[in-house]
2 protein chains.
Amino acid sequence: MALRHAVLAALLDEELSGYQLAKAFDMGVANFWHALPQQLYSELAKLEKQGLVTGREVVQDTRPNKRLFKVTEAGVAELERFAATDNKPSFIRDDLLVTVQAADHVDTEEVIARLTERAAFADAKIELFGGLLRRIRGDRSEEEFLRHGERIGPYLTCMRGLAFEQGNRDWCRQSAAILRERRTAHAQR
Amino acid sequence: MALRHAVLAALLDEELSGYQLAKAFDMGVANFWHALPQQLYSELAKLEKQGLVTGREVVQDTRPNKRLFKVTEAGVAELERFAATDNKPSFIRDDLLVTVQAADHVDTEEVIARLTERAAFADAKIELFGGLLRRIRGDRSEEEFLRHGERIGPYLTCMRGLAFEQGNRDWCRQSAAILRERRTAHAQR
DNA sequence: CCATGATACTCAATAAAGTGACTAATCACA
DNA sequence: TGTGATTAGTCACTTTATTGAGTATCATGG
């Protein structure tokens with residue numbers, strides 16, 4: 001049950017409404033976890049009941065009212081506890097890998113199509129993360145920021161997200177190229 | 001619902017018992033998905049009921065009897081359908097990333113400890129995957145195998161698993177180094 | 001002035017994944 | 001001779017995640 005901790009971690013640096021949080025989790029801005037709006041709303045409700053976050057109503061004229069949430073001291077303590085005990089390894093769980101695993105037994109064109117789509121998706125994410133990193137570090141160089149920046153947690157997770165998508169893109173392109181080559185080699189025989 | 005497809009993909013190249021399948025999924029040999037034994041047994045039962053796999057009883061003297069499963073034609077057709085339609089992107093979902101996201105607000109020593117543990121875990125997986133790849137390609141070079149090998153699906157997914165873990169290891173080491181540096185810089189002030 | 005889309009949520013239901021406890025045999029080792 | 005590890009599973013239960021449908025207001029564009 002790490003969604004609760006992901007929510008806490010996301011709320012550490014800014015006070016957010018459930019809606020804003022949902023956008024962040026959906027966009028991949030919160031590249032360290034993924035969740036749908038409904039989960040976040042219910043998680044926020046649980047966290048508030050347990051006193052790990054507090055919400056305050058913000059009355060808006062032009063928009064529906066919203067509730068902004070921030071992490072309480074108890075919430076930070078819970079994250080502290082989490083940081084001290086967690087150890088579950090991460091596993092890739094990816095439809096595309098399942099498809100490629102079966103590549104020798106299914107239509108190669110389809111596999112290549114999926115790989116190409118994913119490479120394009122990865123490219124979009126790479127640009128998104130790249131821009132995000134630049135925005136976070138401002139006019140400082142990456143090295144400078146990592147040495148002396150105030151909050152580097154979000155920067156580090158974003159770096160991992162970027163590298164992950166670069167790995168995805170490279171692998172997708174390479175795999176697609178190999179499958180294409182084998183296809184033509186096969187056809188010429 | 002891709003576990004069903006992951007199971008089908010895993011059974012394409014060899015006939016396996018639920019137990020063997022569970023070991024494969026647990027070990028990360030099936031590095032494209034992760035599941036617990038109970039899930040696999042129940043998934044196999046469902047797949048058999050739907051005619052996508054068939055099991056045959058193997059009576060053993062020295063060991064408890066087992067049921068070996070293989071994919072039927074309908075099963076391959078299902079994978080074909082899956083390969084032609086799937087498109088769900090993969091998201092990282094990782095406790096460690098949540099911890100690092102909160103790095104600026106929790107005990108740095110603990111975060112460094114988690115990163116170090118994960119780097120060691122990644123190293124172990126890298127060796128495992130490296131050995132697996134060598135075993136699959138035998139005495140052929142990687143390029144030669146990818147060009148002319150019979151079944152490259154499992155090889156490609158294993159390559160992705162390897163690159164993923166290398167990315168993990170590198171990021172963990174770099175992040176831990178940065179946090180250590182900041183800690184000493186801070187202490188000296 | 002009417003459709004579309006963004007903001008800001010809620011509720012209900014199902015599907016998937018994970019946890020814990022169990023049976024039962026054989027093998028390896030001390 | 002009995003302790004633990006390995007093979008080969010099953011059953012029941014809970015927690016998470018996903019799907020789908022609603023509610024309500026306001027802003028923008030044609």
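We use all heavy atoms of the structure for the numbers below, so side chains are in, but hydrogens, waters and symmetry mates are not. So that the names make sense, note that chain A is the first sequence line, chain B the second, and so on, each numbered from 1.
As rounded to whole Å, 11 Å separates atom P of D/dA17 from atom NE2 of A/His34. Between the CG atom of A/Leu40 and the P atom of D/dT16 there is a distance of 14 Å, given to the nearest Å. Put simply, CG on B/Leu44 is 9 Å from P on D/dG9, counting in whole angstrom units. Distance, A/Leu3 CG to C/dA17 P: 16 Å, rounded to whole Å. Residue A/Phe25 contributes atom CZ, which lies 16 Å from atom C1' of D/dT18 at whole-angstrom precision. The distance between atom CG of B/Leu36 and atom P of D/dT10, rounded to the nearest whole Å, is 16 Å.
Between the side chains of A/Asn168 and B/Arg160, at least one donor-acceptor pair of N or O atoms lies under 3.5 Å.
Counting any heavy atom pair closer than 4.0 Å across all strands shown, B/Arg93 reaches sugar-phosphate atoms only and no base atom. Nucleic acid contact class of B/Lys88 (heavy atoms, under 4.0 Å, all strands): sugar-phosphate only.
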- Determine, for nucleotides 2-13 of chain C in 5'-to-3' order, which nucleotides have protein heavy atoms under 4.0 Å from the base (write B), from only the sugar-phosphate (write S), or from neither (write -). ----BBBBBB--

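Counting only distance, with no hydrogens or angles, the side chain of B/Arg182 and the backbone of A/Gly149 share a donor-acceptor pair below 3.5 Å. For the pair B/Asp94 (side chain) and A/Ser90 (backbone), a donor-acceptor distance under 3.5 Å is absent. Using modelled atom types, no side-chain atom of B/Arg151 and backbone atom of A/Asp104 make a donor-acceptor pair closer than 3.5 Å.
Under 4.0 angstrom from either OP1 or OP2 of C/dA16 there lies no side-chain N or O belonging to B/Gln39.
Using a 4.0 Å cut-off between charged side-chain N and carboxylate O, B/Arg173 and B/Asp123 make a salt bridge. A salt bridge links A/Arg114 to A/Glu110: one of the charged nitrogens lies within less than 4.0 Å of a carboxylate oxygen.
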